[in-house]
Amino acid sequence: MDKDFDFEDIGKYTPYRVPDGFFEDIQRKVMRRIDNARRRKRRLKVMISVTAMAAMLCGLLFVPSMFRGEAPLPTYAKVLASDPTEAMDKWIKSLSDEELEELVCFSENDIFLKIIYF
């Protein structure tokens, strides 16, 4: 190696160039990604919380009924238990045309019915 090498001869020249505003743009992009990640985490936490609350509510509503003895049926349940199609026919006949149209509209747009039948 040459012992006469001097860094002062090289100077302070860097061959690399970046476009104007490059570092500010990088900073904005990084902050946007961090913000999106935080939103996703927050959304996931909310979804998990809501699901847990719904499961607890279902447990509170339906599990105790499994441990009860045979409870007498309410009047409307007796009617439905005896002949559900007859009771349903009576109910449908009692609806007005507007209510029937609304019921059909709800059933056509119900995502849960679409999932079950399709």
Side-chain angles (χ1 to χ4, degrees):
M1 195 156 169
D2 189 16
K3 292 186 179 191
D4 294 330
F5 182 76
D6 188 17
F7 278 107
E8 298 295 327
D9 292 338
I10 295 176
K12 294 185 179 184
Y13 172 74
T14 37
Y16 307 108
R17 301 229 184 260
V18 294
D20 292 337
F22 175 77
F23 293 107
E24 292 81 13
D25 190 40
I26 288 289
Q27 186 176 13
R28 267 189 255 114
K29 286 180 181 178
V30 168
M31 293 306 289
R32 191 177 311 131
R33 283 187 179 178
I34 290 171
D35 191 38
N36 287 342
R38 286 180 185 163
R39 284 184 192 157
R40 278 191 219 116
K41 283 183 181 179
R42 191 177 320 133
R43 196 175 308 140
L44 181 64
K45 286 180 183 178
V46 168
M47 288 175 55
I48 290 172
S49 312
V50 168
T51 305
M53 283 189 259
M56 288 175 26
L57 181 63
C58 287
L60 288 173
L61 290 176
F62 297 114
V63 171
S65 65
M66 291 173 33
F67 297 113
R68 291 187 201 150
E70 282 295 316
L73 293 173
T75 311
Y76 66 87
K78 288 179 186 176
V79 170
L80 289 175
S82 63
D83 188 8
T85 56
E86 185 179 315
M88 189 62 89
D89 288 341
K90 285 181 184 177
W91 177 69
I92 289 175
K93 286 179 185 178
S94 70
L95 294 175
S96 68
D97 290 339
E98 294 165 348
E99 291 171 330
L100 285 172
E101 286 179 18
E102 190 174 337
L103 185 64
V104 169
C105 181
F106 283 143
S107 65
E108 287 175 349
N109 296 326
D110 192 353
I111 61 169
F112 297 109
L113 289 176
K114 288 180 183 179
I115 292 171
I116 291 171
Y117 293 116
F118 296 108

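- No continuous path of ILVMFWY side-chain contacts below 4.5 Å connects V104 to L95, so the two sit in separate hydrophobic clusters.
- Separating the CZ atom in R43 from the CG atom in N36 is a distance of 8.5 Å, to the nearest 0.5 Å.
- Hydrophobic clustering, with ILVMFWY side chains joined whenever heavy atoms are under 4.5 angstrom apart, keeps L61 apart from M56.
- Scanning both residues, K45 and S49, for their nearest heavy atoms gives O-OG, 2.7 Å.
- Atom OG of S94 sits about 7.5 Å away from atom CD of E99, to the nearest 0.5 Å.
- Using modelled atom types, no side-chain atom of E101 and backbone atom of E98 make a donor-acceptor pair closer than 3.5 Å.
- With salt bridges taken as basic N to acidic carboxylate O contacts below 4.0 Å, one links R39 and D35.
- M47 and M53 sit in two unconnected hydrophobic clusters of ILVMFWY residues. Membership requires side-chain heavy atoms under 4.5 Å apart, directly or through other members.
- Two residues are said to be in side-chain contact when any heavy atoms from C-beta on lie closer than 4.5 Å; D25 and R28 meet this criterion.
- For D20, the CG atom counts as loosely surrounded, since its 6.0 Å shell holds 12 or fewer non-hydrogen atoms of other residues, nucleotides or ligands.
- Contact annotation: the side chain of L44 approaches that of I48 to within less than 4.5 Å [non-hydrogen atoms, C-beta and beyond].
- No chain of hydrophobic side-chain contacts below 4.5 Å, direct or via other Ile, Leu, Val, Met, Phe, Trp or Tyr residues, connects V46 to L57.
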